[in-house]
Asks: 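Please find one structure pasted underneath; my questions will follow.
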Amino acid sequence: PIYTPYVLVASGNFQLRNETGSYKLSDTIVDRNLVNALHWYKAIQANSFIKNCVGQLYCNSRNQFELTVKGLETRVIVGDTCSAADKLKRLEIFMQQRLDSPETRLFKSINLNYKNQIVCTKR
C-alpha cells in the first residue's frame with residue numbers, strides 16, 4: 001500500500017474517439033491499436049522476465065509496436081500482435097545471451113517482426 005504499483009506505459013498513435021461530444025471517456029471507445037496494446041500488455045505480463053525489463057509500449061505512425069527496454073538504449077520493434085508470446089520469448093533469450101555484450105550498445109534497433117529471426121540494425 002505504500003509503494004507505487006508497476007504500470008506499463010503505452011503511448012503513441014492511439015485514436016480515442018468520443019462520440020458523445022463530452023470529455024468523459026466511456027467503455028464504448030473502440031480503437032484497434034488500443035485493443036492491440038492490451039493484447040501486448042497481457043503477453044508482457046505472462047512473461048516474468050520481460051515484465052521486469054519492459055518500461056514502455058509505443059505505437060508508431062505505421063501502427064507497429066515498439067518496446068522500451070530498461071537499460072537498453074535501442075528500439076525493440078515487435079510489430080503487430082501476431083505471435084506475441086513467441087516474439088517476447090525470442091527477446092528474452094536474446095537479452096539473456098547478449099545484454100552484457102558491448103556490441104549491444106551499437107544497435108540502432110532490434111526487430112522481432114520476422115518469423116524465427118531477430119534482425120539487428122547498427123547505428
Side-chain angles (χ1 to χ4, degrees):
I2 61 173
Y3 297 106
T4 304
Y6 171 78
V7 178
L8 181 66
V9 175
S11 62
N13 190 24
F14 296 109
Q15 302 297 324
L16 300 177
R17 295 178 304 274
N18 190 349
E19 305 294 331
T20 63
S22 65
Y23 292 105
K24 293 182 181 179
L25 298 177
S26 64
D27 292 336
T28 60
I29 295 175
V30 177
D31 177 33
R32 183 181 177 117
N33 290 340
L34 195 57
V35 172
N36 289 340
L38 181 61
H39 184 76
W40 274 114
Y41 172 76
K42 290 178 181 179
I44 290 168
Q45 293 299 311
N47 186 320
S48 60
F49 181 83
I50 296 296
K51 177 183 172 181
N52 292 323
C53 295
V54 172
Q56 182 178 2
L57 180 65
Y58 176 73
C59 182
N60 65 23
S61 60
R62 294 180 293 156
N63 297 328
Q64 298 283 320
F65 284 91
E66 301 175 6
L67 301 176
T68 302
V69 178
K70 298 173 188 173
L72 189 63
E73 297 177 10
T74 304
R75 294 183 319 141
V76 179
I77 303 167
V78 291
D80 59 5
T81 58
C82 183
S83 304
D86 178 56
K87 291 176 183 180
L88 294 178
K89 188 63 178 174
R90 284 187 281 138
L91 178 61
E92 176 184 354
I93 293 168
F94 178 80
M95 289 180 61
Q96 288 175 344
Q97 293 179 356
R98 306 286 287 170
L99 191 59
D100 294 332
S101 173
E103 293 176 350
T104 308
R105 293 189 182 105
L106 300 175
F107 294 148
K108 177 181 179 183
S109 66
I110 299 171
N111 194 334
L112 302 169
N113 272 330
Y114 306 102
K115 185 175 182 178
N116 298 326
Q117 295 182 56
I118 297 176
V119 178
C120 299
T121 307
K122 288 190 175 183
R123 296 183 193 268

Asks: Can you tell me if Arg123 has over 12 outside heavy atoms packed within less than 6.0 Å of its CZ?
Replies: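 Atom CZ in Arg123 is packed in, count exceeds 12.
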Asks: Considering only heavy atoms from C-beta outward, does the side chain of Asn60 approach that of Ile77 to under 4.5 Å?
Replies: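 No. Closest side-chain heavy atoms not under 4.5 Å.
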Asks: Should Ile44 and Phe49 be regarded as members of a common hydrophobic cluster, given that ILVMFWY residues are connected when their side-chain heavy atoms come within less than 4.5 Å of each other, either directly or indirectly?
Replies: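 Yes, it is one cluster - the side chains of Ile44 and Phe49 are joined through contacts under 4.5 Å.
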Asks: Would you mind reporting whether Phe94 and Arg90 have side-chain heavy atoms less than 4.5 Å apart?
Replies: no
Asks: Spell out, yes or no, whether Val119 and Phe107 are grouped together once hydrophobic residues are joined by side-chain heavy atoms under 4.5 Å, including indirect joins.
Replies: no
Asks: Does Gln96 CD have over 12 foreign heavy atoms under 6.0 Å away?
Replies: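 Atom CD in Gln96 is packed in, count exceeds 12.
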Asks: Identify whether Ile93 and Leu72 are in the same connected component of the hydrophobic contact network (ILVMFWY, side-chain heavy atoms under 4.5 Å).
Replies: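 No; Leu72 is not reachable from Ile93 via cluster members.
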Asks: Can a donor-acceptor pair be found, under 3.5 Å and without considering hydrogens, that links the side chain of Ser109 to the backbone of Asn111?
Replies: no
Asks: Quick one: does Asn47's side chain have a donor or acceptor within less than 3.5 Å of a partner on Ala43's backbone?
Replies: no
Asks: Please enumerate all residues that pass side-chain hydrogen bond (donor to acceptor under 3.5 Å, both in side chains) together with Asn63, with sequence neighbours excluded.
Replies: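 Partners of Asn63 under the side-chain hydrogen bond (donor to acceptor under 3.5 Å, both in side chains) test: Asn13, Asn33.
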Asks: Do Leu57 and Leu112 belong to the same hydrophobic cluster, where Ile, Leu, Val, Met, Phe, Trp and Tyr are linked whenever their side-chain heavy atoms lie under 4.5 Å apart, directly or via other members?
Replies: yes
Asks: First locate atom CD1 of Ile110, then atom CZ of Arg98, and finally report the distance between them rounded to the nearest 0.5 Å.
Replies: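 It comes to 10.0 Å.
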Asks: Taking atom NZ as the centre, does Lys70 end up with more than 12 heavy-atom neighbours from other residues, nucleotides or ligands that are less than 6.0 angstrom away?
Replies: yes
Asks: So, for Phe65 and Ala37, which heavy atoms are closest and what is the spacing to 0.1 Å?
Replies: CZ-N, 3.7 Å
Asks: I'd like to check Val54 versus Thr68 (side-chain heavy atoms, cut-off strictly below 4.5 Å). Are they in contact?
Replies: no
Asks: Once side chain to side chain donor-acceptor pair (under 3.5 Å) is applied, what residue pairs with a partner in residues 74-84 remain, sequence neighbours excluded?
Replies: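 Those involving residues 74-84 are Glu66-Arg75, Asp80-Lys87.
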Asks: Take atom CD of Gln56 as the centre, draw a 6.0 Å sphere, and report whether it contains more than 12 heavy atoms from other residues, nucleotides or ligands.
Replies: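 More than 12 heavy atoms, drawn from other residues, nucleotides or ligands, come within 6.0 Å of this atom.
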Asks: So, using salt bridge (Lys or Arg N to Asp or Glu O under 4.0 Å) as the criterion, who are the partners of Lys89 when residues are at least two apart?
Replies: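 Scan of Lys89 (salt bridge (Lys or Arg N to Asp or Glu O under 4.0 Å), adjacent residues dropped) gives Glu92.
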Asks: Please say yes or no: joined through hydrophobic side-chain contacts below 4.5 Å, possibly via intermediate residues, are Tyr58 and Trp40 part of one cluster?
Replies: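 In one cluster: no.
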Asks: How long is the straight-line distance from OG1 of Thr104 back to CD of Gln97, given to the nearest 0.5 Å?
Replies: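 Gln97 atom CD to Thr104 atom OG1 measures 11.0 Å (nearest 0.5 Å).
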